Every structure is written in C-alpha cells, then in structure tokens.
Q: 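Here's a structure for you.
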Amino acid sequence: MDGHGAPRIERKDGVATITMTRPARRNALSREHLGQLLAAVTEVGQSDALGIVLAAEGPVFSAGHDFADVAGASLPEVRSLLRLCTELMQTLQDVPQVVLARVHALATAAGCQLVASCDLAVAAESAGFAAPGGKGGWFCHTPMVAIARNVGRKRAMELALTGDVIDAATALDWGLVNRVVPDDQLDAAVADLMGRATRGSRASKAWGKQTMYAQLDRPERDAYTTAIEVMAAASQLPGAVEGMSAFLEKRRPVWPD
C-alpha cells in the first residue's frame, strides 16, 4: 500500500465497512483523507446499509491530524481543516446507520476523536487511546469535545492534561469503548454487537439515534421536552405500529422498513 489510498468500502450482509488504508502514514487525518472519509461516510449514509463499521489497516488505528497540514499553515487554513474534521465527526452521528468503530491498535488525538464520535466501539486488547496534545505544544481542543462527552470531566482532564496513553481495559472502564476482546476475536465481537444493534425497525432506530444526540447534552427538563415530542410522533411510524401489534398478538414482528 502506498500510504495514500482512499478508504476502502466493503459491504456484507447489509453492513458497510469503511477501512482507512494509509498504514504508512499511520492513517493520519490529512485534509485529503478527511475529505475522503467524509465522502465515504456520506455515500454509505445515503444507501440502504444497516450499519457502518469504521476500521483501519496497519500498526495504528489513526494518529490524528497530519502535522504536515498544519505546520506553517495560516490561521484560516487551520480553521478550515478543523471545520472539515468536525464535519466528519458530526456526519458519523448524523447518518441514520449505526456506526461502530473497530479499534485494533492505537488511536490518538483526532483518531481518538473518531472513536469517541462513533455510536459504538469495540477494541482489541492491544488497542490504546490518547489525547497527546497535553504533553506537547498543540492541545487537543477539538478531540476533547467528543472524548469528554464519553468519559466525564475528571477522566477527560487526565487524558487531556497528561497526554498519556490509556490501555483498552481502562478505555472500557472509562466509557470510551463498549467492549474489549482478545485481538483474534475482534471481528467476531464487532459482528455480534453490530448484529444486535441493527435489529428492529430501521426508521425507528434512525430517529432514535438522532434524538439521542439531540438530547444528551441538554438539561434534563429540556431533554424530556424533546424526547416526549419525538417519542409521541414515533409511535405513529409503521415500525412502531407493527412492533406493538406483534407483541400484543404474541407473534414475531415483520418489519416494514
């Protein structure tokens, strides 16, 4: 691999896997690569895929921003780079599909932000996570937006201020990932969690994902206001009608979507 390939998209059983294929560059999130990832996620997001697995090749999941893009760049150039990165992170949450990070190795800075921005994450025991800017000269401001919303304030501060790598078991304990498994069981664990997370009505789940992100960072009273309106409206969806009818009639549901 030449280290500059576009992400690979493979589809199997309704799940699209988007794989970063720049191992020689540690899957760094250069402007080019961010644009390619955004295009790939958008493309799959508009398809009838049930779920998206975000994966990577090589010894590192992703090393985050490519300093070659930043060193010597002007303020407007760096701002636009960070806005592009943020657009990718938000698109992972905006697409209707379940998005699951398959983390086989080290994920640092914006690479860790990628993991934190996915709906779900499964890590191999050999994976590690860090926001290394805290021990350098360029603090991980934007990565910490997503990371802090996964792990809470004190743990986020420890990650951000020390810049140290936490292992997969710690990431699990802190809430950054859902599962940690032996390296040779990673694909099986990804398939298992994705399978369980994609069953049921697709339309109901897509609306549910969107609403979860809309209410998570709001005060509880505001969150309930949002959730009540959406849940009431969602009761009229064909999937909701079928699910309740099947339960009451003691039969298996036949999902219309």
Side-chain angles (χ1 to χ4, degrees), residues 1-9 18-45 52 54-95 99 101 103-118 121 127-151 153 156-166 171 176 213 217:
M1 195 70 62
D2 64 7
H4 296 282
R8 184 174 64 248
I9 302 175
I18 300 173
T19 305
M20 293 180 279
T21 61
R22 297 186 175 199
R25 298 289 300 167
R26 297 163 61 91
N27 296 311
L29 299 177
S30 64
R31 184 183 293 274
E32 179 189 27
H33 197 41
L34 284 168
Q36 292 172 336
L37 282 170
L38 177 59
V41 173
T42 301
E43 176 186 332
V44 177
I52 298 172
L54 184 62
E57 291 181 345
V60 173
F61 177 80
S62 175
H65 286 296
D66 190 336
F67 284 178
D69 277 354
V70 181
S74 68
L75 174 59
E77 288 170 336
V78 178
R79 185 184 291 122
S80 72
L81 174 69
L82 295 175
R83 284 177 173 165
L84 174 60
C85 184
T86 299
E87 185 179 359
L88 169 62
M89 303 301 166
Q90 293 178 333
T91 299
L92 291 170
Q93 299 183 349
D94 289 344
V95 293
V99 182
V103 192
H104 73 291
L106 185 65
T108 67
C112 190
Q113 182 185 5
L114 263 182
V115 178
S117 298
C118 290
F129 304 85
K135 62 181 179 182
W138 196 32
F139 198 84
C140 288
H141 297 280
T142 50
M144 291 313 303
V145 172
I147 296 168
R149 281 162 170 73
N150 282 236
V151 305
R153 292 190 182 196
M157 279 296 192
E158 183 174 338
L159 276 167
L161 296 172
T162 68
D164 290 337
V165 176
I166 60 170
L176 188 57
Y213 286 118
D217 296 317

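Given the structure is predicted, the values throughout are model-derived calculations rather than measurements.
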Q: How many angstroms lie between SG in Cys140 and CG in Leu159, if you round to the nearest 0.5 Å?
A: 9.5 Å
Q: Let me know which of Val70, Asp66, Leu29 forms a side-chain contact (heavy atoms from CB on, under 4.5 Å) with Leu81.
A: Val70
Q: If you round to the nearest 0.5 Å, how far is CG of Leu88 from CD of Gln93?
A: 10.5 Å
Q: Could you measure the distance from the OG1 atom of Thr108 to the CZ atom of Arg26? Nearest 0.5 Å is fine.
A: 6.5 Å
Q: Pair Glu87, Leu34 - check side chain to side chain contact (heavy atoms under 4.5 Å, CB included), show working.
A: CA-CA 9 Å; Glu87 185 179 359; Leu34 284 168; over 6 Å; no
Q: For residues Pro23 and Asn27, report the shortest heavy-atom separation together with the two atoms involved.
A: N-OD1, 3.7 Å
Q: For the pair Ser30 and Arg25, evaluate side chain to side chain contact (heavy atoms under 4.5 Å, CB included) and give the outcome as yes or no after the intermediate values.
A: CA-CA 9 Å; Ser30 64; Arg25 298 289 300 167; over 6 Å; no
Q: So, for Leu54 and Cys118, which heavy atoms are closest and what is the spacing to 0.1 Å?
A: CD2-SG, 4.0 Å
Q: Working to the nearest 0.5 angstrom, can you tell me the gap between Gln36 CD and Thr21 OG1?
A: 8.0 Å
Q: Side chain of Asn150, backbone of Ala146: donor and acceptor closer than 3.5 Å?
A: yes
Q: Would you name the heavy atoms of His33 and Ala28 that are closest together and state the gap between them?
A: CD2-O, 3.5 Å
Q: Can you measure from CE (Met89) to CG (Leu38) and round to the nearest 0.5 angstrom?
A: 10.5 Å
Q: Any chance OH of Tyr213 has more than 12 other-residue heavy atoms, nucleotides or ligands included, within less than 6.0 Å?
A: yes
Q: To the nearest 0.5 Å, what is the distance between CG (Leu82) and CZ (Arg31)?
A: 9.0 Å
Q: My understanding is that only one of Val95, Val99, Ile18 makes a side-chain contact (heavy atoms from CB on, under 4.5 Å) with Val44; could you say which?
A: Ile18
Q: Indicate yes or no: at least one non-hydrogen side-chain atom of Phe61 is less than 4.5 angstrom from one of Val115.
A: yes
Q: Write down the atom of Gly58, the atom of His104, and the distance for their closest heavy-atom approach.
A: O-NE2, 2.6 Å
Q: Would you say that Phe129 contacts Val151 through its side chain, given a criterion of any heavy-atom pair below 4.5 Å between the two side chains?
A: no
Q: Of all the heavy-atom pairs spanning Ala105 and Pro59, show the shortest one and how long it is.
A: CB-O, 3.3 Å
Q: In the structure I gave you, are the side-chain heavy atoms of Ser62 and Met20 within less than 4.5 Å of one another anywhere?
A: yes
Q: Check Pro132 against Ala109 and note the closest heavy-atom contact, atom names and distance.
A: CD-N, 3.6 Å
Q: Looking at Glu32 and Arg22, is there a salt bridge between them, counting it only when a charged N and a carboxylate O are closer than 4.0 Å?
A: yes
